[in-house]
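Indexing begins at 1, ligand by ligand and atom by atom, following the structure's order.
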Amino acid sequence: MRYIDLRSDTVTQPTEAMRQSMLHAEVGDDVYGEDPSINALEHKGAELLGKEAALFVPSGTMSNLLAMMSHCQRGEGAVLGSASHIYRYEAQGSAVLGSVALQSVSMQADGTLALSDVRAAIAPDDAHFVQTRLVCLENTHNGKVLPLHYLREMRDFVDEHGLLLHLDGARLFNAVVASGEPVAAIAAPFDSISVCLSKGLGAPVGSLLVGSHGFIARARRLRKMLGGGMRQGGILAQAALFALDQHVTRLADDHRRARRLAEGLAPLPGIALNMEEVQTNMVFLRLTRGDPATLLGFMKERGILFSGYGELRLVTHLQITDDDIDEVIDAFTEFLNG
Ligand SMILES: Cc1ncc(COP(=O)(O)O)c(CN[C@H](C(=O)O)[C@H](C)O)c1O
């Protein structure tokens, strides 16, 4: 049975054209630095984001972990949003494996961290406290694009306080396409960026971590230590190269479909949905009547999947069509008017 799978853009499948490019990928042993496709991808990623170097990593979770461990020594701290992926959905790996103290602050509705909250979270320079070293942002956050002026304000802030700045840019290219800003402009304020290739871009596996030569050298050693050294990973890197060449501008289709979905659901009785938050490929909504679990079961019977408990999340991506969007709107209408 083909599902209309709106659980996440992590479910994207390689297209036939991408598979063909993977078939002919040049490969070598990447632990020796000899995989031509991985080397090409890392070179392209660094160039695109305007940084010195890049590292191909098996997942976004590992990419963020390597960033935290490469920036911070044991016992140092990172300030980040309490609803950020690094804080909530990466098993606190930075703390458990990296001995980095996670200093969480509340996130504002637009996905930003208030500078006043970050300032308050910075530990005093006193032996009773950790030493805060890093600030982490996430763009997009729950589908919302952080304004470029805010990124620049945060850069000035971390410079003022002698801190470093990391971006969890799992959906960076969604932010690029939605904002119209060049990717290098969005990346410029950051010391390091993690970019997922396996979400909306449609590669089957992997992320890119970009930063300075020294930062990436440390991250490369840590990746090997954590068992992330790859051999002929060029088959996967070639998919990512294909995605960067062919699947960036089409993200606008995902954004258009998400908006179309939100516009179709918002007027329905029993739906609470903030259209202003539908900025890229995610639609968040709450049921003001009916039970989310009953809704999820009703939808699954009709071949429609999405996730969330309390607040429901529907994510558009490469394999979601215009007809799928109409079918989902019809199914919600049937459930709510039934
Ligand atoms: C902002 C951000 N940063 C990092 C990651 C981790 O990427 P992976 O480890 O799954 O490759 C994710 C994955 N997010 C996944 C999803 O959205 O379905 C789940 C929640 O883990 C993410 O959303």
Side-chain angles (χ1 to χ4, degrees), residues 3 5-14 41 45 55-69 78 80-94 96-98 102 104 107 110-113 134 136-146 151 166-176 178 186-187 190 192-210 219 223 226-228 230 233 236-237 239-240 243 251 254 258 277 279-284 296 305-320:
Y3 283 101
D5 194 346
L6 295 160
R7 290 174 296 172
S8 177
D9 45 8
T10 60
V11 304
T12 46
Q13 300 251 332
L41 174 64
L55 181 67
F56 183 47
V57 190
S59 71
T61 297
M62 183 184 271
S63 184
N64 284 325
L65 174 61
L66 295 178
M68 302 285 271
M69 293 175 71
L80 71 176
S82 56
S84 67
H85 195 272
I86 295 175
Y87 186 71
R88 287 187 71 176
Y89 300 111
E90 299 182 3
Q92 299 261 321
S94 306
V96 174
L97 301 174
L102 299 181
S104 68
M107 298 179 81
D110 63 358
T112 62
L113 311 181
L134 179 69
C136 301
L137 297 178
E138 185 176 302
N139 189 22
T140 63
H141 173 69
N142 287 349
K144 289 168 282 192
V145 180
L146 272 57
L151 307 182
H166 172 68
L167 176 67
D168 176 358
R171 295 180 181 86
L172 175 64
F173 284 99
N174 292 87
V176 167
I186 298 178
F190 296 91
S192 58
I193 304 110
S194 171
V195 185
C196 285
L197 303 156
S198 59
K199 292 186 172 60
L201 291 179
V205 173
S207 285
L208 272 177
L209 180 63
V210 299
R223 184 191 66 173
L226 292 167
M230 290 174 279
L236 297 171
L251 291 171
D254 298 344
E277 297 197 343
Q279 300 171 13
T280 56
N281 68 328
M282 292 188 180
V283 177
F284 285 85
L296 289 168
L305 303 176
F306 50 88
S307 58
Y309 305 92
E311 193 170 45
L312 300 173
R313 184 186 75 165
L314 295 84
V315 184
T316 56
H317 55 80
L318 197 55
Q319 269 88 35
I320 299 298

Determine, considering heavy atoms only, which of Thr61, Asp168, Leu65, Thr10 sits nearest to atom 15 (C) of ligand 1.
Thr10
Under the ring-ring contact (aromatic ring centres under 6.0 Å, His included) test, residues paired with Tyr89 that sit two or more places apart:
His85
Please classify the Met282 to ligand 1 contact at 4.0 Å (heavy-atom distances, strictly less than): side chain, backbone, both or neither.
neither
Is ligand 1 under 4.0 Å from a heavy atom in the side chain of Ser59, in the backbone, in both, or in neither?
both
Which bit of Glu90 is near ligand 1, meaning a heavy atom under 4.0 Å away: side chain, backbone, both or neither?
side chain
Asp168-His141 side chain donor-acceptor pair, cut-off 3.5 Å:
no
Pairwise distance NE2(His317) to CG(Leu251) - rounded to 0.5 angstrom:
12.5 Å
side-chain hydrogen bond (donor to acceptor under 3.5 Å, both in side chains): pairs with one or both residues in residues 196-207, sequence neighbours excluded
none
Closest to atom 8 (P) of ligand 1 among Ser194, Ser307, Gly60, Cys196 (heavy-atom distance)
Gly60
Which option out of Arg171, Lys199, Met62 puts a heavy atom nearest to atom 7 (O) of ligand 1?
Lys199
Look only at interatomic distance and state if Ser8 has a nitrogen or oxygen under 3.5 Å from any nitrogen or oxygen of ligand 1.
yes
Yes or no: does Arg7 have any heavy atom under 4.0 Å from an atom of ligand 1?
no
In ligand 1, the atoms that come under 4.0 Å of a heavy atom of Arg313 are 16 (C), 17 (O), 18 (O)
Once rounded to the nearest 0.5 Å, what's the spacing between atom CZ of Arg171 and atom SG of Cys196?
7.0 Å
His166 vs Ser192, test: side-chain hydrogen bond (donor to acceptor under 3.5 Å, both in side chains). Steps then yes/no.
CA-CA 5 Å; His166 172 68; Ser192 58; 2.7 Å; yes
Do Pro204 and Leu236 come close enough that some side-chain heavy atom pair is under 4.5 Å?
yes
Among all the protein's non-hydrogen atoms, which is closest to atom 14 (N) of ligand 1, and how far away is it?
His85 NE2, 3.3 Å
